[in-house]
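The figures that follow rest on heavy atoms only: side chains count, while hydrogens, waters and symmetry mates do not.
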Amino acid sequence: MALDVYITGMGIVSGIGIGVDQTLVSLREQKSGIQPLKHLQTIHDLPCAEVDLSEDQMRELLNISADEVVTRTALMAMLATREALQQARLTMDGTYRVAFIHGTTVGGMEKSEVYYFDFLQNDLHNEFIEAHDCGACTEKIADYFGGFSFVSTPSTACSSAANACILGANLLEAGIVDIAVVGGSECITKFHLNGFKSLMILDSQPCRPFDETRAGLNLGEGAAFIVMESKAHAAKRGVAPLCRLSGYGNACDAYHQTASSPEGQGAFLAMNAALEMSNLQPADVSYINAHGTGTPNNDESEGQAIVRVFGNNPPHVSSTKSLTGHTTSAAGGVEAVISILALQHKFVPANCNFTTQMQSLPFTPVINVLHDIPVQHVLSNSFGFGGNNTSLIFSNVQ
Amino acid sequence: MNSKPIYINGLGSISIQQPLSFEGIQQPLSYQTPHVRCVEPNYKDFFDAVQARRLSKIIKRAIVTAKQAVDDSGISMPDAIVTGTGLGCVEDTEKFLDAMIRNEEKFLQPTFFIQSTHNTISSQIAIHMNCKGYNNTYIHRGVSFENALLDAYLLFQRGTIRTALVTGNDEMTPNYFILLGRIGYWKQAIQNTRTCITQEQSNGSFAGEGSVSIMFSDTPSSKSYACLNRMSLLYKPVKPMQQIIREFVADCGLNIDDIDVCMTGMNADIENDAVYNSVLQDLFSPNAIGTYKHICGEYYTSLSYGMLLSAYCIQQGIVPAHCILGGVEKSGVKHILLYNHFRNRDHSLMLLSTC
């Protein structure tokens with residue numbers, strides 16, 4: 001059964017820009033956000049793509065006072081959600097039943113990792129105990145706007161935001177809500193920076209997805225949300241859709257907690273399921289926005305899965321994590337927005353830093369931005385720890 | 001929305017009661033402490049020595065109850081696995097966090113980080129079953145379990161899946177018990193957990209933990225305990241909850257009088273229970289209001305235990321007296337309405353009926 005899910009607004013903050021306009025410029029000009037760390041306090045000297053705003057600056061943009069307990073993850077999400085609601089011309093006044101679905105994993109860890117021993121020993125920072133909770137973070141964001149009748153927090157590590165899109169689509173199809181605002185948000189924390197480092201999957205250089213010399217990922221942070229509704233509902237509100245979500249697929253690699261299977265079985269199943277729901281053939285896809293973390297394991301596994309689905313000569317493939325870094329739980333949202341921009345503005349973003357062809361793969365990623373080319377359907381992959389693999393397909397509405 | 005019922009065909013639980021058994025529903029153990037840990041089964045029966053050592057408690061519990069529910073249902077492989085967990089893998093998160101702070105970000109081993117993300121539970125179940133189907137995890141405070149169930153329910157309604165394993169998992173470590181105690185979650189002391197809801201109304205509840213796995217199918221079987229007719233999740237509802245409950249029951253084609261028991265998340269916390277009392281007082285008599293947290297304790301996904309208990313009671317046709325606020329056993333039970341709220345912000349309604 002074809003999905004009746006249309007996107008009428010989007011918002012984003014990431015290492016490559018605050019807002020959709022800056023993001024588009026960075027994508028077109030291949031401006032990477034991967035830089036030495038500036039906001040996170042850590043002993044590690046690792047390149048990351050931070051959102052270039054302090055929490056104070058975000059508070060000012062959002063008109064939130066300094067004494068209100070809000071985490072960086074929530075602040076970024078509020079900025080992105082505000083932009084998405086504005087573009088969708090949606091006022092949260094209770095006219096519609098609106099869901100807010102926020103994929104995240106670290107929640108308030110950025111404060112917990114600072115105050116953890118205080119939490120155990122004294123009452124100095126009790127307000128951040130509650131804020132540690134991912135669901136509390138979701139409600140904080142929803143309450144900033146008010147008027148949401150449904151809230152939820154999917155958490156599947158690096159595919160969290162992509163799975164938020166699936167729940168949103170299913171809620172709309174079931175008629176439970178009129179509009180779903182879906183996406184994800186995650187700030188860089190010492191906790192997961194050190195976690196990824198202990199797994200030895202962080203590159204000390206800018207990451208090189210799908211490159212023979214790739215040596216790991218760079219962390220990024222950000223938030224991105226899209227507004228979804230049915231075609232008829234968008235028409236009734238007088239809002240022109242940007243594109244549609246034509247299909248999704250979710251499968252579990254069921255192989256290893258932090259490694260993907262060599263043949264990319266979960267990725268293969270997720271991409272196939274998304275194509276099937278979209279009623280598309282592999283050849284119909286114009287561009288694959290790959291998960292493409294830049295780790296030896298992911299790109300090999302995902303690459304093999306792409307070949308299994310699309311053959312030796314797949315559509316254009318790029319990993320925009322070479323620009324945004326890996327925004328973990330937000331990645332599915334960040335890359336949904338990038339996919340939609342590619343559809344709208346008829347370009348394919350680049351897979352930066354590529355120099356050396358992978359010997360095991362027959363295809364080469366897009367090295368330089370392809371301007372002015374028809375982009376009809378974009379497949380976006382998001383894969384999480386534990387083999388939580390999700391693929392989304394966004395399609396033009398013309 | 002039109003909704004198709006889905007059937008509960010398999011159950012598994014590890015809780016603060018006897019593991020992998022319904023004994024706790026008949027004759028619950030009672031405790032005199034506000035922090036009660038699970039009664040663990042013998043994991044040697046389920047894991048080899050390496051696995052048993054490597055996997056954290058919450059993962060072991062989840063894998064074992066998942067296996068029990070799947071075996072109970074007679075279905076070998078679910079089409080989907082969806083987990084609700086309020087806090088995820090707290091024990092390993094704490095271990096990694098503690099080491100990171102103490103060692104100032106040096107000399108860290110990845111083991112605890114690997115098992116720290118919330119979705120480890122659902123994915124480890126999948127790895128152990130080799131289940132490559134749909135897999136998802138929800139972490140939303142006191143309504144995490146019903147978020148997971150709703151996700152599966154919508155896939156059933158679309159016809160995407162025919163079976164699903166839905167689980168609720170939370171652990172309460174000594175440290176997290178301290179943290180939540182600081183912000184008013186727990187009583188200082190408790191005389192008797194079994195009777196605390198009627199006898200010890202005060203600030204705070206008592207902490208439990210547990211793993212509950214439930215196998216759902218789109219078709220009934222000889223094993224079916226009950227069916228889930230309809231469910232609804234609400235955030236900060238604008239309409240009064242009484243009205244919402246009346247409408248929900250009407251949408252199920254029933255009258256309020258048809259509901260044998262309204263099973264609530266009362267937990268002996270005066271503020272929490274007052275919400276149920278004020279919503280339900282004009283709808284149900286004390287002999288039609290049920291409780292389960294005196295058996296399993298308070299934790300973010302304790303509703304999963306409430307659902308297991310309700311499904312079992314529907315199959316038996318009886319809700320035992322200790323689960324009824326008015327203290328009178330309810331027999332001939334056909335319909336149980338599960339009503340859960342978290343801080344009077346998040347609310348959920350689910351109707352379980354005989355098949």
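Contact of A/Met200 with chain B is not made at all, since no heavy-atom distance falls under 4.5 Å. Within the 4.5 angstrom heavy-atom criterion, only side-chain atoms of B/Lys236, from C-beta onward, approach chain A. Both the backbone and the side chain of B/Gln124 come within contact range of chain A, with heavy atoms under 4.5 Å apart. Contacts between B/Tyr300 and chain A at a heavy-atom distance below 4.5 Å involve the side chain alone, from C-beta outward. Of the two parts of B/Asn147, only the side chain, counted from C-beta on, holds a non-hydrogen atom closer than 4.5 Å to a non-hydrogen atom of chain A. Contact of A/His256 with chain B is made through the backbone alone, with heavy-atom distances under 4.5 Å. When heavy atoms are compared at a cutoff of 4.5 Å, B/Tyr185 approaches chain A solely by way of its side chain, counted from C-beta outward. With a 4.5 Å cut-off on non-hydrogen atoms, B/Ser122 does not touch chain A at all. Using a 4.5 Å cut-off between heavy atoms, B/Ile178 contacts chain A through its side chain alone, with no backbone atom that close. Both the backbone and the side chain of B/Ile114 come within contact range of chain A, judged by heavy atoms closer than 4.5 Å. Of the atoms belonging to A/Ile166, it is side-chain heavy atoms, and not backbone ones, that fall under 4.5 Å from chain B. Looking at B/Tyr176, only its side chain comes within 4.5 Å of chain A, counting heavy atoms on both sides.
Across all non-hydrogen atoms, the minimal contact from B/Ala126 to A/Ala254 is O-CB, 3.7 Å. B/Met100 and A/Lys190 make their closest contact through SD-O, 3.5 Å (heavy atoms, listed as atom of the first residue, atom of the second, distance). Nearest heavy atom pair, residue A/Ser198 against residue B/Phe96, reads OG-CE1, 4.1 Å. Residues B/Glu105 and A/Ile43 approach most closely at OE2-N, 3.1 Å, considering heavy atoms.
A heavy-atom distance below 4.5 Å is not found between the side chains of B/Arg141 and A/Val151. Between B/Asn175 and A/Tyr116 there is a side-chain heavy-atom pair separated by less than 4.5 Å. Put simply, the side chain of B/Ile127 reaches to within 4.5 Å of the side chain of A/Gln257, judged on heavy atoms.
For the 3.5 Å distance criterion, the side chains of A/Asp143 and B/Tyr235 qualify, holding a donor opposite an acceptor.
Other residues, nucleotides and ligands contribute at most 12 non-hydrogen atoms within 6.0 Å of the CZ atom of B/Arg162. Within 6.0 Å of CD on B/Glu104 lie no more than 12 heavy atoms contributed by other residues, nucleotides or ligands. With a 6.0 Å radius and a threshold of 12 heavy atoms from other residues, nucleotides or ligands, A/Glu276 has its CD atom at or below the threshold. Annotation: B/Asp48, atom CG; neighbour count of heavy atoms from other residues, nucleotides and ligands within 6.0 Å is above 12.
A/Asn250 places a side-chain N or O within 3.5 Å of a backbone atom of B/Asn135 that can act as its donor or acceptor partner. A donor-acceptor distance shorter than 3.5 angstrom exists from the side chain of B/Lys132 to the backbone of A/Asp253, with no hydrogens or angles considered.
Of the listed residues (B/Ile125, B/Val143, B/Asp98, B/Thr111), the greatest number of heavy-atom pairs within a distance under 4.5 Å of chain A belongs to B/Asp98. Listed options A/Leu171, A/Thr390, A/Asn389, A/Asn170 were ranked by heavy-atom pairs under 4.5 angstrom with chain B; first place goes to A/Asn170. In terms of heavy-atom pairs under 4.5 angstrom with chain A, the leader among B/Asn136, B/Thr117, B/Asp151 is B/Asn136. No other option in A/Cys252, A/Gly135, A/Gly386 has as many heavy-atom pairs under 4.5 Å with chain B as A/Cys252.
Taking B/Arg53 as the reference, nothing meets the salt bridge (Lys or Arg N to Asp or Glu O under 4.0 Å) condition, with sequence neighbours excluded.
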Could you walk me through whether B/Leu233 and A/Ile176 pass the side chain to side chain contact (heavy atoms under 4.5 Å, CB included) check?
CA-CA 10 Å; B/Leu233 268 67; A/Ile176 291 174; over 6 Å; no
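Looking at B/Arg182 and A/Glu130, no side-chain N of the basic residue comes within less than 4.0 Å of a carboxylate O on the acidic one, giving no salt bridge. One finds no salt bridge joining A/Glu139 and B/Arg343 here, because no Lys/Arg side-chain nitrogen approaches an Asp/Glu carboxylate oxygen to under 4.0 Å.
Of the candidates A/Thr105, A/Thr156, A/Asn388, B/Asn119 forms a side-chain hydrogen bond (donor to acceptor under 3.5 Å, both in side chains) with just one, namely A/Asn388.
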